[in-house]
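Please read all numbers here as calculations on a predicted model, not as lab measurements.
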Amino acid sequence: MDITSWFQLAVICFLGAISPGPSLALVISNTIAGGRIYGVVTGLGHATGIGWWALLTAVGVAEVMVDQSGILLALQSSGACLLAYIGFRTMIARDSLSVQRADARPTSSGMLLKGAGEGFLISLFNPKIALFFLAIFSHLVHSDSSWIETGLMGITAAVIDACWYVSVALMLTGTNLIKVFRDRDTIIRMVSGMILILIALYLLGVMLRSLL
């Protein structure tokens with residue numbers, strides 16, 4: 001691809017990353033619940049899933065996958081259930097916010113893996129991401145595109161996504177916003193959890209309407 005095409009890819013991926021949705025809600029929720037590092041690894045896990053979708057799309061695998069209604073239905077159901085679980089877990093959490101200091105860290109590597117896993121799964125179980133990349137790459141990927149080029153396209157999408165969500169986690173824990181969250185612990189957790197559950201119900205509703 002030429003420089004103009006790479007620039008177009010970068011801009012579109014950035015606009016897609018900053019769009020409000022389940023992924024942003026998850027990163028904010030995990031940052032509030034577990035602190036800076038927890039939010040950062042959630043963002044990195046999400047970026048890994050984004051890069052995976054981008055790579056699959058670039059080599060044509062995602063195009064086959066979204067044509068299979070059974071696979072699409074399974075992905076939609078799994079993603080919605082994951083969101084509902086995370087929202088419910090956020091609402092019933094009893095511990096106070098652990099982000100009272102900007103350098104607050106989870107207490108174990110298990111929590112880090114959990115945050116990264118949730119970020120990865122929320123992107124992996126979102127078939128709309130595949131459709132998003134299909135719309136982009138159908139104009140950018142050609143039959144003579146090399147494996148290096150398609151790989152770089154996936155890496156570009158992942159890096160842009162990681163930069164955005166890591167920035168969100170750092171901003172929340174590096175500004176006075178975190179004091180607002182700490183002072184309103186219970187309210188923030190309840191609202192954050194409800195948003196995730198409502199998003200999950202909305203996604204399930206859209207899925208059910210598509211079946212009728």
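Counting only heavy atoms from C-beta outward, the side chains of L44 and Y165 never approach each other to under 4.5 Å. When side chains are defined from C-beta on, M111 does not count as touching V41, because their heavy atoms never get closer than 4.5 Å.
Taken together through direct or relayed side-chain contacts under 4.5 Å among Ile, Leu, Val, Met, Phe, Trp and Tyr, L15 and V168 form part of one hydrophobic cluster. Both Y85 and V191 belong to a single network of hydrophobic side chains, linked directly or stepwise wherever heavy atoms of I, L, V, M, F, W or Y lie under 4.5 Å apart. Under a hydrophobic-cluster definition in which Ile, Leu, Val, Met, Phe, Trp and Tyr are linked whenever side-chain heavy atoms come within less than 4.5 Å, directly or via other members, I122 and Y202 are assigned to the same cluster. Both L201 and M190 belong to a single network of hydrophobic side chains, linked directly or stepwise wherever heavy atoms of I, L, V, M, F, W or Y lie under 4.5 Å apart.
Taking every heavy atom of both residues into account, G51 and A158 meet most closely at CA-CB, 3.7 Å. Shortest non-hydrogen contact noted between A54 and G154 is CB-CA, 3.7 Å. Of all heavy-atom pairs between L55 and G151, the closest is CD1-CA, 3.9 Å. Contact detail for S123 and G49: the closest heavy-atom pair is OG-CA, 3.1 Å.
Listed by first and then second residue, the side-chain hydrogen bond (donor to acceptor under 3.5 Å, both in side chains) pairs that reach into residues 40-52 are S23-H46, N30-T42, H46-D161, sequence neighbours excluded.
Listed by chain and number, the residues in a side-chain hydrogen bond (donor to acceptor under 3.5 Å, both in side chains) with S167 amount to none (sequence neighbours excluded). In this view, L9 and M1, W6, C13, I136, F137, L140, M153, T156 satisfy the side chain to side chain contact (heavy atoms under 4.5 Å, CB included) rule, not counting sequence neighbours.
Here CD1 of I155 is found 9.5 Å from OG1 of T150. Values are rounded to the nearest 0.5 Å. Taking OG of S29 as the start and CE of M91 as the end, the distance is 11.0 Å to the nearest 0.5 Å. In this structure, L26 CG and T31 OG1 are separated by 8.5 Å, a value rounded to the nearest 0.5 Å. Within the model, atoms CG of L56 and CD1 of I129 stand 11.5 Å from one another, a figure rounded to the nearest 0.5 Å. Here R209 contributes atom CZ and L204 contributes atom CG; the two are 11.0 Å apart, rounded to the nearest 0.5 Å. Distance check, rounded to the nearest 0.5 Å: CD1 of I50 to CZ of F120 gives 10.5 Å.
When each of L198, I197, I199 is paired with I195, the side-chain contact (heavy atoms from CB on, under 4.5 Å) condition holds for I199 and for no other.
For Y38 (side chain) and V27 (main-chain N/O), no donor-acceptor pair under 3.5 Å exists by modelled atom type. The backbone N or O of L124 sits less than 3.5 Å from a side-chain atom of W53, completing a donor-acceptor pair.
Within 6.0 Å of CD1 on I3 lie no more than 12 heavy atoms contributed by other residues, nucleotides or ligands.
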